[in-house]
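Note sheet for the following structure.
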Amino acid sequence: TSYICAGEPFNLYTVYDTTGLSSSWTSGGLPVPNPAAVPTTGLYQLIVQSAKGCADTVKLNLGNASNPVLGPDKSANICNGQVVDRNTYFAIGGLTPRWSLGGIPVNRPDSVTQGGTYQLVAFNPSGCSDTALLQLTVNPSPNVGNDTVIALCASPVPNLTTLFSVSGLTVPWKING
């Protein structure tokens, strides 16, 4: 049994090696018009004959296989220098994922730091696939300046926000942290 993926034609020529043989495919007793692109499931029969007149017949049951469903395209934001595992954005359990960026394969999808539109093509064991996109935006990290040491004397308590550029940022101050 071979499987046809939903919405995709199946190439019967890929199942058996008929190199050097004359061959004909039938289904329901009728010739298959285009064995390279069969659109439906069912029982197919292949008859081959050698140049010496010897023949063989084989039957192939072509079943239906469902395509995996990755869901809608997604977008994510990370900070500059942050590492992200793109495999966490889509349910790919039991599938073989293939990631690319600009048509170039990405070998380590679990440690990405570069922004862009990543394409995921995921295959199930039957060879059926689904495609999804992940738009990854890398945002710049804020830079508040260098570490600073303040010598406290009997003077008033210092205002730390005047030492660093923190406007528009959420700042959790820590002592010795």
Side-chain angles (χ1 to χ4, degrees), residues 1-18 25 27 32-44 60-148 160-177:
T1 299
S2 288
Y3 295 97
I4 186 171
C5 300
E8 297 178 26
F10 185 82
N11 185 348
L12 293 173
Y13 293 128
T14 63
V15 179
Y16 301 103
D17 182 10
T18 59
W25 283 95
S27 180
V32 175
N34 185 4
V38 175
T40 57
T41 61
L43 186 61
Y44 291 85
L60 171 69
N61 185 18
L62 188 58
N64 223 355
S66 60
N67 292 336
V69 178
L70 294 172
D73 296 342
K74 298 191 178 177
S75 62
N77 292 298
I78 63 171
C79 295
N80 188 29
Q82 184 180 355
V83 176
V84 66
D85 181 353
R86 286 167 309 157
N87 288 327
T88 61
Y89 289 94
F90 298 97
I92 58 170
L95 304 175
T96 302
R98 294 200 179 119
W99 285 96
S100 63
L101 176 62
I104 299 170
V106 176
N107 296 325
R108 293 289 315 267
D110 59 340
S111 60
V112 171
T113 59
Q114 180 180 352
T117 302
Y118 289 86
Q119 181 182 52
L120 167 62
V121 181
F123 298 87
N124 66 15
S126 299
C128 301
S129 65
D130 191 18
T131 302
L133 300 175
L134 173 63
Q135 176 62 47
L136 188 62
T137 302
V138 178
N139 297 312
S141 297
N143 183 0
V144 295
N146 296 325
D147 292 347
T148 303
L160 296 177
T161 60
T162 62
L163 298 174
F164 300 99
S165 176
V166 294
S167 65
L169 302 175
T170 301
V171 183
W173 294 98
K174 294 181 183 176
I175 297 175
N176 296 325

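Along the sequence shown, the residues carry numbers beginning at 1.
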* Can you pull the side chain to side chain donor-acceptor pair (under 3.5 Å) pairs that have at least one residue in residues 129-139, sequence neighbours excluded? -> T117-Q135
* **Exam field: side chain S141 to backbone N80, donor-acceptor pair closer than 3.5 Å** => yes
* Structure fact -> d(F10 CZ, Y3 OH) to nearest 0.5 Å is 11.0 Å
* About how many Å separate OG1 of T88 and CG of L134, when rounded to the nearest 0.5 Å? -> 8.5 Å
* Structure fact -> Rounding to 0.5 Å, atoms CG (L12) and OG (S2) come to a distance of 8.5 Å
* Taking every non-hydrogen atom, the tightest pair across C5 and G127 -> SG-C, 4.0 Å
* Could you state the interatomic distance from CG (N34) to OH (Y13), rounded to the nearest 0.5 Å? -> 7.0 Å
* **Separation of F123 CZ from N67 CG (nearest 0.5 Å)** => 11.0 Å
* Below 4.5 Å, heavy atoms only, C-beta onward: do V106 and R86 meet side chain to side chain? -> yes
* Distance-minimising heavy-atom pair for D73 and L133 -> OD1-N, 2.9 Å
* Asked: Minimum heavy-atom separation for T41 to L62, with atom names?
  -> CB-O, 3.0 Å
* So which heavy atom on P35 is nearest to which on V32, and how close? -> CD-O, 3.7 Å
* Asked: So which heavy atom on A91 is nearest to which on L70, and how close?
  -> O-CD2, 4.0 Å
* Hey, is the main chain of S66 close enough, under 3.5 Å, to the side chain of N124 for a donor-acceptor pair? -> yes
* **CA sep, side-chain torsions, deciding dist, call: L136, L101, side chain to side chain contact (heavy atoms under 4.5 Å, CB included)** => CA-CA 11 Å; L136 188 62; L101 176 62; over 6 Å; no
* **side chain to side chain contact (heavy atoms under 4.5 Å, CB included) partners of S100, counting only residues at least two apart** => Q119
* Nearest heavy-atom pair of A132 and G71: which atoms, and what distance? -> CB-O, 4.4 Å
* To do: To the nearest 0.5 angstrom, please state how far the NZ atom of K74 sits from the CZ atom of F90.
  => 5.5 Å
* Main-chain N/O of L43 paired to S27 side chain as donor or acceptor, under 3.5 Å -> yes
